[in-house]
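Have a look at this one.
Just so you know, these numbers come straight off a predicted model, no measurement behind them. In this chain, numbering begins with 1 at the start of the sequence shown. Just so you know, ligand 1 is whichever comes first in the structure, and atom 1 is the first atom listed for that ligand.
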Amino acid sequence: MRAVVTGGAGFLGSHLCDRLLERDYEVVCLDNLLTGNTSNIAHLMGHSNFKFIKYNVIDYLFVEGPVDAVLHFASPASPIDYLEMPIQTLKVGSLGTHKALGLAKEKKARFLLASTSEVYGDPLVNPQPETYWGNVNPIGPRGVYDEAKRFAEAITMAYRRYHKMDARIARIFNTYGPRMRPNDGRVVSNFIVQALGGSPLTIYGNGSQTRSFCYVSDLIGGILSLLAAPPSNEMGQPFNIGNPEERTVRDLATKILALAGSSSPVVYQELPVDDPHVRCPDIRRAKSILGWRPEVSIDEGLQLTIDYFRGVAS
Ligand code: UDP
């Protein structure tokens, strides 16, 4: 089996490349290294089944030879990144998804879109089932990511229906783990770097907003289950992939301080515009159809991530 992973040098993309190689896939990894980094795939360079091509997937995509699966993971994915790179974010979600679908169609490959819980915006329903249509502000600063991914879902479904393609959608909820960038800007990496460095943990707003954090190995397990499931009409529905254990940002800060053995104080800063108040995946669909569920506890996952950041810093 041969897979193309766009964004393969990113946080999730690189873990996905690892796991596909473990399953004896040949992997073609495409990344323009805007937020991805070759350090995430350095250990794969020279692997006989792995090929890295520095490429911007908004350009016409040509990959030689047969391809069985296209996994479209390219995109800035941290709020600070898509606020800094709004046009690139819109382009990779729209033009990039179009090109990735075109490649999958040409190769008669299975397509898997890395979509996001951000399609639910600031949800008025909690937890969010896949049937919820969301509450997105299209013209707010986060809209560039949310709407790009909503467009990406729409064009994926159009290709599925019109071209009868085997195209699938994973809605990925907050994920953390090794290979997050120390300056990524997301809450888990920020808090860990701050706790280890002895600087204050920056809680945005009053910290009562909630998120549900999934450890990266669980997340990739869910993606691979979705990729491997036999074709059926059910595969034409999006799948929430995430950990349904919901907690406040304040609680996350307390947990990270304890696990890191840190006595950093916390400081309160302004809440970013349109920051969702709650977020929690309803994963009943993934559980019943894919037989997948997350297994790594928050304490275990955070400890592994803290150990990783300790190693990066030393
Ligand atoms: N957040 C925070 N401090 C930080 C970074 C983020 O309190 O240093 C908050 C942020 O406002 C949001 C939550 O943590 O409510 C998760 O933010 P993140 O950027 O990780 O991802 P999001 O779920 O917003 O995409």
Which heavy atom of the protein is the closest neighbour of atom 3 (N) of ligand 1, given with residue, atom name and distance? Thr202 O, 2.5 Å
Among all protein heavy atoms, pick out the one at the shortest distance from atom 1 (N) of ligand 1; state its residue, atom name and that distance to 0.1 Å. Tyr204 CD1, 3.3 Å
Among protein heavy atoms, which lies nearest atom 21 (O) of ligand 1, and at what distance? Asn174 ND2, 3.5 Å
Could you go through Asp59 and Lys99, starting from their C-alpha distance and side-chain angles, then the distance that decides it, and tell me whether this counts as salt bridge (Lys or Arg N to Asp or Glu O under 4.0 Å)? CA-CA 7 Å; Asp59 295 326; Lys99 298 295 184 293; over 6 Å; no
Side chains of Pro123 and Asn135 in contact at under 4.5 Å (non-hydrogen atoms): no
So, regarding Asp275 and ligand 1 (criterion: nitrogen or oxygen to nitrogen or oxygen, under 3.5 Å), is there a contact or not? yes
Can an N or O of Arg186 be found at a distance shorter than 3.5 Å from an N or O of ligand 1? no
Suppose I only count heavy atoms of Asn190 and a 4.0 Å limit; which atoms of ligand 1 are within that range? 4 (C), 5 (C), 8 (O)
among protein heavy atoms, the one nearest atom 13 (C) of ligand 1 is Val249 CG2, 3.8 Å
Check whether any side-chain heavy atom of Asn49 sits under 4.5 Å from a side-chain heavy atom of Tyr25, and report yes or no. no
Determine, stepwise, if the pair Arg150 / Glu153 fulfils salt bridge (Lys or Arg N to Asp or Glu O under 4.0 Å). CA-CA 5 Å; Arg150 288 170 70 97; Glu153 289 199 2; over 6 Å; no
For Glu118, the ligand 1 atoms with a heavy-atom partner under 4.0 Å come out as 25 (O)
More than 12 heavy atoms from other groups under 6.0 Å of NZ on Lys91: no
Flag the pair Arg142 and Glu118 as a salt bridge only when some basic side-chain nitrogen lies within less than 4.0 angstrom of an acidic carboxylate oxygen. yes
Could you list which atoms of ligand 1 come closer than 4.0 Å to a heavy atom of Ile203? 7 (O)
Looking at ligand 1, does Gln269 have a heavy atom less than 4.0 Å from it? no
Who's the nearest protein heavy-atom neighbour of atom 24 (O) of ligand 1, and how far? Arg142 NH2, 3.0 Å
Quick check on Pro272 - does any of its heavy atoms sit under 4.0 Å from an atom of ligand 1? yes
Check step by step if salt bridge (Lys or Arg N to Asp or Glu O under 4.0 Å) holds for Glu295 and Arg293. CA-CA 6 Å; Glu295 284 164 3; Arg293 67 184 64 219; over 6 Å; no
Whether over 12 other heavy atoms sit under 6.0 Å from Glu270 CD: no
Please check if the distance between the ring centroids of Tyr159 and Phe111 is under 6.0 Å. no
Considering heavy atoms of the protein only, find what lies nearest to atom 14 (O) of ligand 1 and give residue, atom and distance to 0.1 Å. Val187 CB, 3.3 Å
Candidate pair Asp184 and Arg179, rule salt bridge (Lys or Arg N to Asp or Glu O under 4.0 Å), full reasoning: CA-CA 10 Å; Asp184 178 273; Arg179 300 189 198 151; over 6 Å; no
Does ligand 1 have an atom under 4.0 Å from some heavy atom of Ser189? no
Side chain, backbone, both or neither: Gln194 near ligand 1, heavy atoms under 4.0 Å: neither
